[in-house]
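Read the structure below first, then the notes.
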Amino acid sequence: MAQASSATRRILVLNGPNLGQLEFRPADVYGTQSWTEIAAQISEQAQRLQLTVSFAQADGEGELIGILQRARASQDAVVINPGGLSHTSVALRDAIEAFSKPVIEVHLSNVGAREPFRHPAITGGAASGVISGFGAFGYRLALVAVAELLAAQRA
Ligand code: DQA
């Protein structure tokens with residue numbers, strides 16, 4: 001009898017404030033790709049890795065926290081770019097910690113090489129790992145990291 005294939009793992013890609021407005025942000029920092037183009041590349045990568053990916057974006061801290069709280073029941077991991085909240089939000093950090101499953105934080109830009117106010121890694125300190133400075137490719141790298149972490153859980 002054929003073995004039932006193991007369920008696909010579900011990954012939420014969650015963007016924070018101003019990441020829904022990439023086309024109006026400095027292209028030398030954030031690149032020239034629209035989020036629609038980036039999301040299509042992420043979806044292709046997810047397919048290759050046999051992950052099921054969904055997307056969300058919110059500009060508000062409370063909204064992001066609510067999305068993360070609800071995601072705990074339905075998602076196996078989260079890839080998050082908290083935008084400017086990365087450097088300020090203890091509440092979002094606490095929500096990442098409470099998610100209790102793999103969370104990879106992504107930054108399009110290399111935040112460590114930018115203004116000092118972007119150096120505090122408040123939310124990143126609660127993530128499984130942080131990928132910063134690879135542009136949109138960072139989201140695809142994050143999916144590879146997620147696939148590895150989930151596979152290690154199963155081993
Ligand atoms: C960002 C870096 C943050 O400092 C900034 O506020 C953003 C985007 C990035 O992807 O490089 O909104 O998270």
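When a ligand or atom number is given, it counts from 1 through the structure's own listing order. Throughout, numbering of the chain's residues begins at 1 and tracks the sequence.
Residue, atom and distance of the protein heavy atom nearest to atom 1 (C) of ligand 1 are His107 ND1, 3.7 Å. The shortest contact between atom 5 (C) of ligand 1 and any protein heavy atom is with Arg118 NH1, 3.3 Å. Scanning the protein for heavy atoms near atom 4 (O) of ligand 1, the closest one is His87 NE2, 2.7 Å. Among all non-hydrogen protein atoms, the one lying nearest atom 9 (C) of ligand 1 is Leu108 N, 3.3 Å.
Between the Glu105 side chain and the Gly124 main chain, a donor and an acceptor come within less than 3.5 Å of each other. A donor-acceptor pair is defined here as one N or O able to donate and one able to accept, closer than 3.5 Å; no such pair exists between the side chain of Asn81 and the backbone of Asn15. Side chain of Asp59 to main chain of Asn18: a donor-acceptor pair is present (N/O by atom type, distance under 3.5 Å, no hydrogens or angles). Side chain of His87 to backbone of Arg118: a donor-acceptor contact under 3.5 angstrom is found.
Neither the backbone nor the side chain of Asn18 comes within 4.0 Å of ligand 1, counting heavy atoms alone. Contacts of Glu115 with ligand 1, taken as heavy-atom pairs under 4.0 Å, are absent altogether. If you look at Asn81 next to ligand 1, the close heavy atoms, those under 4.0 Å, all belong to the side chain.
Linking ILVMFWY side-chain heavy atoms closer than 4.5 Å, directly or via other members, places Leu92 and Phe55 in two distinct hydrophobic clusters. When hydrophobic clusters are built by joining Ile, Leu, Val, Met, Phe, Trp and Tyr residues whose side-chain heavy atoms come closer than 4.5 Å, directly or via intermediates, Tyr30 is grouped together with Ile38. Taking hydrophobic clusters as Ile, Leu, Val, Met, Phe, Trp and Tyr residues chained together by side-chain heavy-atom distances below 4.5 Å, Ile65 shares a cluster with Val103.
Interface of Arg25 with ligand 1, defined as ligand atoms under 4.0 Å from a residue heavy atom, comprises 7 (C), 12 (O). The Tyr30 neighbourhood of ligand 1 comprises atoms 5 (C), 7 (C), 8 (C), 9 (C), 11 (O), with distances under 4.0 Å to a heavy atom of that residue. Every atom of ligand 1 with a heavy atom of Ser109 under 4.0 Å away is listed here by number and element: 2 (C), 9 (C), 11 (O).
Aromatic ring pairs are classed by plane angle as parallel below 30°, tilted from 30° to 60° and perpendicular above 60°; the pair Tyr139 and Trp35 is perpendicular.
For Val111, the closest heavy-atom approach to ligand 1 falls below 4.0 Å.
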